[in-house]
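Order of the sequence lines fixes the chain letters, A, B, ..., with proteins taken first and strands second; residue numbering starts at 1 for each chain. All values derive from a computational prediction rather than experimental measurement.
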Amino acid sequence: MNDQELSKAYDPTEVEGRWYPLWLERGYFTAEPKSDKPPFCIVLPPPNVTGSLHLGHALTATIQDILCRWKRMSGFNVLWLPGTDHAGIATQMVVEKELKKSEGKSRHDLGREEFLKRVWTWKEKYGARIGEQHKVLGASLDWTRERFTMDPGLSRAVREVFVRLHEEKLIYRAAKLINWCPSCRTALSDLEVEHEEKDGSLWHIRYPVEGATLVVATTRPETMLGDTAVAVHPEDERYKHLIGKKVKLPLVGREIPVIGDAELVNPEFGTGVVKVTPAHDFNDYQTGLRHGLPMISIFDDAGRTNREAGSYEGLDRFEARKKVLADLVEQGLLEKEDKHKLSVGGCQRCATVVEPRLSPQWFVKIEPLATPAIRAVEEGRTTLVPETWTNTYFSWMRNILDWCISRQLWWGHQIPAFYCTACSPKPAGQATGVDFAAAEPVVAREVPSACGRCGGTSFVQDPDVLDTWFSSGLWAFSTLGWPDRTDELKTFYPTSVMETGHDIIFFWVARMMMMGLHFMGDVPFKTVYLHAMVRDEKGEKMSKTKGNVIDPLDVVRGASAENLQPNLKNKFPQGMPAFGADALRFTLASLTQQGRDIKLSLDRVAGYKAFTNKLWNASRFALMNLGDFTWDGSDVRGRPLALADRWILSRLDHAVAKTHEALEAMQFAEAAGTLYQFVWGEFCDWYIELAKGSLYGTDPVAKDSTRAVLVFCLDRVLRLLHPFMPFITEEIWQKLPMARPTASICIAPWPKPETALRDEAAEAEMAPVVRAIEGIRTIRGESNLSPAQKLEAVIQSADARSLETLARWKHYLLPLAGLSGVSFSAPGNRPSQAAACVTGDLEIYVPLAGLIDFAEERARVQKEIAKADQEATALGKKLENAGFVARAPAELVQETKARVEELKAKRQKLAEHLERLK
RNA sequence: GGGCGGAUAGCUCAGCGGUAGAGCGUCGCCCUUACAAGGCGAGGGUCACAGGUUCGAGCCCUGUUCCGCCCACCA
C-alpha cells in the first residue's frame with residue numbers, strides 16, 4: 001500500500017498541474033454535436049485580449065465550471081465554449097501604448113496594415129495566455145471549439161448581420177449628434193460614456209438684445225462660438241416679449257434669434273435664459289431640430305476649435321474656454337461665476353471629457369429589436385437571476401435610443417460598406433479618394449463587382465470599424481456556426497445559462513437578446529445568472545492605480561514578495577503562498593451570495609486551503625487504515641453497521657440532497673457551505689474519530705464495514721466536491737481502493753439522494769452520545785484539564801433507554817471524551833467533589849477531587865444556573881402571554897412548555913449539585 | 001431627479017417570522033499515531049435608528065441616517 005500513501009500535507013502545486021492535460025487528452029470536455037443526452041450549454045463571456053485574467057474572470061470561470069461539471073456528471077451533453085473578444089478600442093489602445101513605449105512610434109507611423117499586424121501578434125500572445133489561465137483554474141472548456149470574435153467564421157456572421165439589418169432598414173447611416181472622444185478620436189455609444197459628478201461653474205454672460213440685455217447661464221462658455229439661438233420659456237413674463245427679436249452674439253457678432261422653448265428652458269434655473277449650441281449639446285441639438293436652427297460645429301476631431309471659431313481657431317476646448325472668459329471679462333460681459341456641480345461625461349477607456357459632435361455615423365435602429373427582447377423576459381422565456389435585475393433590464397430597454405455602431409478605429413470588423421471611387425464625391429482639394437461624409441455606399445457581404453450607378457469596378461471600403469459589442473452581441477450563435485445551420489447550432493441553441501457580471505447587462509446581455517431573437521427567432525439563453533463584482537477586502541474596486549489588484553494566478557501558484565502589489569506585500573512580506581486553484585475556486589463559490597458584491601479576503605482563501613488539507617488528511621487516514629480492503633461497489637447497507645456508520649450515511653444523504661437543491665437554485669455559497677460542514681464538522685470531527693474504534697480493533701467484520709463506509713462516504717463526497725475542487729478530488733478519487741465506474745471523476749455519475757440511507761433512528765440514538773461527549777469535554781475545557789488527564793464519569797438519567805444507548809456505545813464515549821471509565825445509574829446518590837453538567841435528560845458527573853479548585857467549579861455551576869434561569873424566564877413570559885398560547889402553533893407551545901420544564905429540572909439538579917460542592 | 005443593493009460578533013459573511021450562526025482573528029488546555037494548515041473548550045452581538053403590523057420581527061411594512069452601485073439632457 002506504500003504507493004497509495006499520500007504526503008502528510010496537501011501540496012496543490014504538485015497535484016494541480018497533473019490532471020488537466022489528461023482530461024483534455026481523453027476528451028472529457030469535448031461536446032458531442034448530436035447526442036441522445038440532454039444538452040447543456042454555456043458560452044464563456046469572451047475575455048478581452050487586452051491582457052491577463054483578473055479575479056472577476058476567475059469568478060465567472062468558477063461558477064460556470066461548477067455548473068458545467070455538475071451537469072456533465074449528471075449525464076448532460078455539455079458544451080462550455082471558450083473564446084476571446086477582440087475588444088476594439090481597448091486592445092487598440094494597449095497596443096498603441098506599448099508601441100509608443102517600445103519604439104516611440106504611433107500607429108500612424110506604422111500605417112493601418114502594419115499596425116494591425118502588431119495587434120494580431122498581441123492577440124496571439126494574450127489570447128493564448130488567457131487560455132492557459134483558464135486551464136490553471138481547471139475550467140472544463142471545450143477547447144476544440146474555441147472562438148475569437150474576429151475569426152473568419154465570426155466575421156462572416158458579422159457581415160451577414162450587418163447586411164441583413166441594412167436591408168431591413170434597421171441599420172442606417174446619418175449625420176447626427178454623437179458622443180465623440182477627442183483623445184481616441186472616435187465616436188462612442190451612449191453606454192461608453194461614463195458620467196461623473198464634478199465641481200464646475202455656472203457663468204452668467206450678458207447677451208445684448210435690442211435695447212436690453214439677456215443674461216444667459218452656462219457651464220460651457222466656449223461653446224457660445226457656436227450658438228445659433230438664445231432660448232427663454234415661452235410663458236416667462238420677464239422675457240416673453242423678446243421672443244423673435246435678435247441677439248447680437250458677443251465676441252462673434254453673429255445675429256441669432258431669441259426663441260421660446262418650454263422643453264429646454266426651466267425658468268426657475270439660472271437666469272431663465274439658455275444659450276443654444278445645437279452642434280455641441282444634446283439638449284440644444286433637439287432644440288435646434290425643433291426650431292430649424294443652423295448647427296455650427298466649432299471643434300475638430302481633436303477637440304480643437306476650427307475655422308468656424310473665427311479668431312479663436314486652433315485652441316483646445318479648455319484653452320478656448322479660458323480665452324472666451326477672459327475676453328468677456330475684458331468687455332464687461334461676464335456678470336458672475338457661481339460654483340456649480342455638474343455631471344460630466346468621460347470616455348470609458350481614456351476618461352477624456354466627451355464632446356458631443358455632429359458626424360456621419362452608422363446606427364442601429366434599435367426599438368424594433370428591443371420590443372421582442374422585452375417581451376421575451378416579460379413572458380419568462382428568459383429569466384434573470386437574481387431577478388432584481390429584471391427591472392434594470394426593462395427600464396433600459398424601454399427607453400433605448402438608436403445605437404451608434406461605427407468607430408473611427410483600425411482594430412475591429414471593418415464596416416461592409418463600399419464606395420465607388422469613380423462616382424463618389426471627392427474631398428475638397430483632392431483629386432483622388434472619396435469624401436466618405438458625402439458619398440453613398442453599397443452595403444454588401446463582399447466587395448461588389450461593379451457599381452450600380454456608373455459601372456465602375458474600383459471600390460474603397462468604409463474605413464470605420466464596428467463597435468466591439470456588435471460582434472459580441474452575436475456570440476451566442478455566431479460561435480455555434482451561424483449563419484450555417486450546423487449541428488451545434490441545432491443542439492445547443494438556445495444556450496442554457498448565460499453567466500456574467502451585472503456591469504454588462506446593457507452592453508452585452510441586452511444586445512445578445514435582441515440579436516438572438518432577431519436572427520435565430522429564439523432567445524439566446526434561458527437563464528441569465530448575474531454575478532457580483534469582485535472587490536478587495538475593503539470593498540474597493542480593484543485597479544492597477546490603487547495597487548490593490550489581486551492576480552488569480554498569484555493566489556493559485558503563490559508569488560514572491562517583490563512581484564506583489566503593495567497591499568499584498570504588507571500582508572505577505574515573505575511572499576504569498578500557493579493556495580491552489582481548488583482553494584481559490586471554493587472561496588469564490590463560498591462568497592457568491594446573490595446580489596452582493598464580493599469582497600475577497602485572502603484570509604478566507606487560506607481557510608479553504610486548510611479545508612483542502614483537511615480533506616486530504618481525512619483521505620490519507622482512510623487509505624492508511626484500509627489494509628488490503630477494496631470496496632467492490634456493493635451496497636454498504638448489506639453489511640452489519642454500527643451506530644456511527646448508520647449515522648454518517650444518513651448525514652451524508654442529507655448533504656447530497658442539500659447540495660443538489662442548492663445547485664439547482666444556483667445557490668453556490670449554500671452548496672459549498674453544506675459540503676464544508678459535512679466534511680469537516682461531521683465526517684472528520686465525528687465519524688473518523690468514532691471509526692477508529694473498529695479500525696484499530698480486532699473484529700474483522702466490523703472493521704470491513706467501517707472501511708466500506710469510509711470509502712463509500714469519500715467517494716460520494718469527492719464527487720459532490722468535484723465541481724468546486726476538480727483537482728484534489730480527482731487526485732484522491734483515483735487513489736481510493738474501489739471499483740471505479742469511470743476512468744475519471746469528471747464523468748462519474750453525480751450522487752443522487754437515496755432515502756434508504758436516511759436513518760432517523762440512528763440520528764436520534766447518536767444525539768445522547770454526542771451530548772455526553774460534549775458535556776464531558778466542556779467540563780474538561782472549563783477546568784483547564786489536559787487532554788492527557790483521563791477522567792472517570794458518572795452518567796445518570798431517569799430515562800433508562802438513554803442509559804442503555806450510552807452503555808451500548810460506551811466505546812464511543814471513552815476515547816472521544818478522554819475517559820478511563822464510565823458508570824451509568826438512575827438519578828440520586830450523586831458523587832461529591834465532582835464537576836457536573838446537565839444536558840437534556842443526562843446528568844454527568846466527573847469526580848475531580850484533587851484536580852481542580854472547587855471554588856471555580858462552584859462559580860461555573862452558578863453561571864450555568866443563571867443561564868438556565870434567564871432562558872426559562874424569557875420562555876415563561878411567552879407562555880404567560882395569552883395570545884401566544886392561543887395563536888401560536890400548538891406544537892411550538894408544547895415545545896416551549898417542555899423546554900421550560902427541562903430548564904427547571906436542569907436548574908434543580910445543578911442547584912442540588914452546588915449544595916454538595918460546599 | 002429616479003431606481004437598486006447594503007448596514008448582524010474585532011474582520012469577511014450566512015440567516016429573512018418562532019430561543020442570534022459560520023469561517024478567520026482572540027483567550028484557555030493540548031505536538032492524543034489523518035491533519036499544529038490540527039484537536040478540544042471558551043469569550044464575544046440592545047441584528048444602523050425610529051415607528052408600525054403580529055401572540056411573536058435581523059427577518060414583513062413605513063420613515064430616517066449613513067455606505068455603495070446603476071440610470072437620467074436640466075443650461
Side-chain angles (χ1 to χ4, degrees), chain A residues 6 8-10 195 202-203 216-220 231 263-266 268-277 281-287 340 342-343 356 386 388-389 391-392 395-396 399 502-503 505-506 532-533 535 537 539-541 577 590-591 593 595-601 603-604 606-625 669-670 673 676-677 680-681 684-685 688-689 692 696 773-774 777-789 815-818 871 874-875 878 881-889 892-893 895-896 899:
Chain A
L6 308 183
K8 193 169 169 180
Y10 177 59
H195 293 271
L202 191 63
W203 286 279
V216 304
T218 181
T219 54
R220 296 198 58 193
E263 235 175 286
L264 180 70
V265 183
N266 168 9
E268 310 291 313
F269 185 89
T271 58
V273 186
V274 188
K275 59 191 268 323
V276 184
T277 321
D281 181 280
F282 284 95
N283 288 316
D284 294 5
Y285 178 69
Q286 291 303 329
T287 309
H340 182 64
L342 73 163
S343 154
T388 166
W389 293 109
N391 278 336
T392 308
S395 66
W396 188 71
N399 298 294
H502 63 71
D503 53 334
I505 293 181
F506 307 143
M533 300 292 107
R535 298 168 184 282
E537 32 205 327
E540 288 183 36
K541 208 168 173 174
S590 299
L591 293 175
Q593 210 51 40
R596 223 191 219 239
D597 283 350
I598 293 176
K599 288 183 222 159
L600 186 83
S601 151
D603 290 337
R604 206 100 185 226
Y608 291 118
K609 164 95 187 293
F611 177 60
T612 60
N613 193 53
K614 189 74 180 176
L615 178 66
W616 181 257
N617 276 293
S619 308
R620 195 170 139 246
F621 168 82
L623 292 175
M624 285 166 68
N625 289 287
E670 176 79 11
Y676 183 98
Q677 168 56 28
W680 203 317
C684 292
D685 287 351
I688 284 186
E689 293 309 319
K692 285 175 180 172
Y696 298 159
I773 292 168
E774 286 178 341
R777 282 174 173 175
T778 302
I779 289 172
R780 180 192 298 280
E782 302 255 291
S783 310
N784 284 354
L785 292 169
S786 157
Q789 176 73 54
L816 269 71
E871 194 185 333
L875 293 178
K878 266 181 128 171
N881 182 338
F884 175 73
V885 180
R887 302 204 193 187
L892 181 72
V893 176
E895 272 170 29
T896 309
R899 178 70 182 148

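Taking the six-membered ring for Trp and thresholds of 30 and 60 degrees, A/Phe269 and A/His340 have ring planes more than 60 degrees apart, a perpendicular arrangement. Using bins of under 30°, 30° to 60° and over 60° for the plane-to-plane angle, the ring pair A/Trp680/A/Tyr676 lands in the tilted bin.
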Contact state string [nucleotides 69-75 of chain B, B base, S sugar-phosphate only, - no protein heavy atom under 4.0 Å]: --S-BBB
If you restrict it to nitrogen or oxygen atoms, what contacts under 3.5 Å exist between nucleotides 29-35 of chain B and the protein, and what is each distance?
from	atom 1	to	atom 2	distance (Å)
B/C29	O2'	A/Leu785	O	3.2
B/A34	OP1	A/Lys692	NZ	3.3
B/A34	OP2	A/Tyr696	OH	2.7
B/A34	O2'	A/Asn617	OD1	2.7
B/A34	O2'	A/Arg620	NH1	2.4
B/A34	N6	A/Cys684	O	3.3
B/A34	N6	A/Glu689	OE2	3.1
B/A34	N3	A/Asn617	O	3.2
B/A34	N3	A/Ala618	N	3.3
B/C35	O4'	A/Asn617	OD1	3.1
B/C35	O4'	A/Asn617	ND2	3.4
B/C35	O2'	A/Asn613	ND2	3.1
B/C35	O2	A/Lys614	NZ	3.0
B/C35	N3	A/Lys614	NZ	2.8

Using nucleotides 15-20 of chain B, report all nitrogen or oxygen pairs with the protein that are shorter than 3.5 Å.
from	atom 1	to	atom 2	distance (Å)
B/U19	O2	A/Glu871	OE2	2.8
B/U19	N3	A/Glu871	OE2	2.4
B/U19	O4	A/Arg899	NE	3.2

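Each of A/Arg604 and A/Arg777 was assigned the nucleotide of RNA chain B with the nearest heavy atom; the assignment lying further toward the 5' end belongs to A/Arg604. Each of A/Phe611 and A/Thr778 lies near RNA chain B, and the nucleotide nearest A/Phe611 is the one positioned closer to the 5' end.
Nucleotide B/C69 forms a pair with B/G3, judged by Watson-Crick or G-U wobble geometry with both contacts under 3.5 Å. Under the Watson-Crick or G-U wobble criterion, with both distances below 3.5 Å, B/A37 has no partner in any strand shown. Shown here, B/C60 forms a base pair with B/G52; the pair counts as Watson-Crick or G-U wobble because both key distances fall under 3.5 Å. Across all strands shown, B/C47 remains unpaired; no Watson-Crick or G-U wobble contact has both distances below 3.5 Å. Judged by Watson-Crick or G-U wobble contacts below 3.5 Å, the nucleotide B/G21 has B/C13 as its partner.
In this entry the base of B/G58 is syn relative to its sugar, with a glycosidic angle within 90° of 0.
On the C1' atoms, B/C66 is 44 Å away from B/C29, given to the nearest whole Å.
Put simply, the side chain of A/Arg620 does not reach to within 4.5 Å of the side chain of A/Tyr10, judged on heavy atoms.
Nucleotide B/C13 holds its C1' atom 13 Å from the CG atom of A/Asp603, rounded to whole Å.
With A/Ser783 contributing its side chain and A/Leu785 its backbone, the two residues share no donor-acceptor pair below 3.5 Å.
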